[in-house]
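These notes are about the structure you will find just below.
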Amino acid sequence: MGDPAAPGLGRANYRTADPTLLSAHKAAIMGDGTDEQFRAFLNIPQPDESLAVMTADARGHADTWGTIARTCIRLTGDRTLPVATQDRLIAEADALTPENPYDVHTMGTSHVGFLLRPAEVAGILDQLIA
């Protein structure tokens, strides 16, 4: 596979046969799903992520990003992005563009557990076009 840093990638492959590690990953990102649902989810992510995603300046700017209507679905069971962090991101964005705040919704689910509740997510999205 070569050195992942050479093409500018961060590599994280969560597919493993180690039951302890698999259980820890599941608890962290999909604790509200079954083992079978979690293993199925692991087929979605690809292991390579551009390092630019983690290192580039990704701040929103009021005169561009701040002009676009945006919605956030807070996930109260998220162990990888805690609610306090989610709320901080929302508050900072709203402070940048007080005339265009987030439309915030809340789901009691894990980081990716919302995938297990498509009807609820669809209901939130339906409200955006009404």
Side-chain angles (χ1 to χ4, degrees):
M1 299 285 294
D3 177 8
L9 300 173
R11 183 161 289 152
N13 188 348
Y14 299 104
R15 296 176 191 100
T16 178
D18 179 338
T20 303
L21 186 56
L22 197 59
S23 178
H25 288 318
K26 178 181 174 277
I29 64 172
M30 193 191 266
D32 47 350
T34 66
D35 289 349
E36 183 178 82
Q37 288 168 325
F38 181 65
R39 284 191 303 273
F41 164 76
L42 290 179
N43 291 317
I44 297 172
Q46 53 85 25
D48 292 338
E49 183 74 58
S50 169
L51 289 176
V53 170
M54 298 175 263
T55 59
D57 181 358
R59 289 175 288 185
H61 298 278
D63 60 337
T64 53
W65 172 83
T67 64
I68 300 166
R70 54 194 182 272
T71 296
C72 180
I73 302 176
R74 295 169 67 251
L75 306 173
T76 60
D78 193 333
R79 292 182 57 198
T80 59
L81 192 64
V83 172
T85 303
Q86 296 172 55
D87 289 343
R88 178 180 173 180
L89 294 171
I90 293 164
E92 288 179 0
D94 287 352
L96 178 68
T97 60
E99 69 288 347
N100 186 25
Y102 267 106
D103 172 33
V104 180
H105 300 265
T106 300
M107 290 180 65
T109 188
S110 64
H111 190 69
V112 296
F114 68 92
L115 295 172
L116 306 174
R117 295 163 58 180
E120 189 173 346
V121 175
I124 292 170
L125 296 176
D126 279 346
Q127 293 175 33
L128 301 180
I129 58 173

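Nothing here was measured: the structure is a model prediction, and the numbers come from that model.
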Within 6.0 angstrom of Arg15 CZ, more than 12 heavy atoms from elsewhere: yes

Heavy-atom pair of closest approach, residues [X] and [Y]:
X      : Y     : answer
Ile73  : Gln86 : O-OE1, 4.3 Å
Asn100 : Arg70 : O-NH2, 3.0 Å
Leu115 : Ile44 : CD1-CD1, 4.5 Å
Thr20  : Asp18 : N-OD1, 2.9 Å

Linked, directly or transitively: Val104 and Ile68 (ILVMFWY side chains, under 4.5 Å): no

Between [X] (side chain) and [Y] (backbone), is there a donor-acceptor pair under 3.5 Å?
X      : Y     : result
Arg79  : Ala27 : yes
Thr64  : Gly60 : no
Thr85  : Leu81 : no
Thr109 : Leu75 : no

Set of side chain to side chain contact (heavy atoms under 4.5 Å, CB included) partners for Thr67, sequence neighbours left out: none

Residue pairs involving residues 72-119 (criterion ring-ring contact (aromatic ring centres under 6.0 Å, His included); sequence neighbours excluded): none

Sequence neighbours excluded, every pair satisfying ring-ring contact (aromatic ring centres under 6.0 Å, His included) that has a member inside residues 27-79: none

Arg117: partners by side chain to side chain donor-acceptor pair (under 3.5 Å), with sequence neighbours left out: Glu120

Side chains of Met107 and Ile124 in contact at under 4.5 Å (non-hydrogen atoms): yes

Gap between atom [atom2] of [Y] and atom [atom1] of [X] - 0.5 Å precision:
X      : Y     : atom1 : atom2 : result
Leu96  : Arg59 : CG    : CZ    : 10.5 Å
Gln127 : Thr71 : CD    : OG1   : 9.0 Å
Ile29  : Leu42 : CD1   : CG    : 6.5 Å

Other ILVMFWY residues reachable from Leu21 by side-chain steps of under 4.5 Å: none

Salt bridge (charged side-chain N to carboxylate O under 4.0 Å, His left out) partners of residues 27-45, not counting sequence neighbours, each pair once: Lys26-Asp35

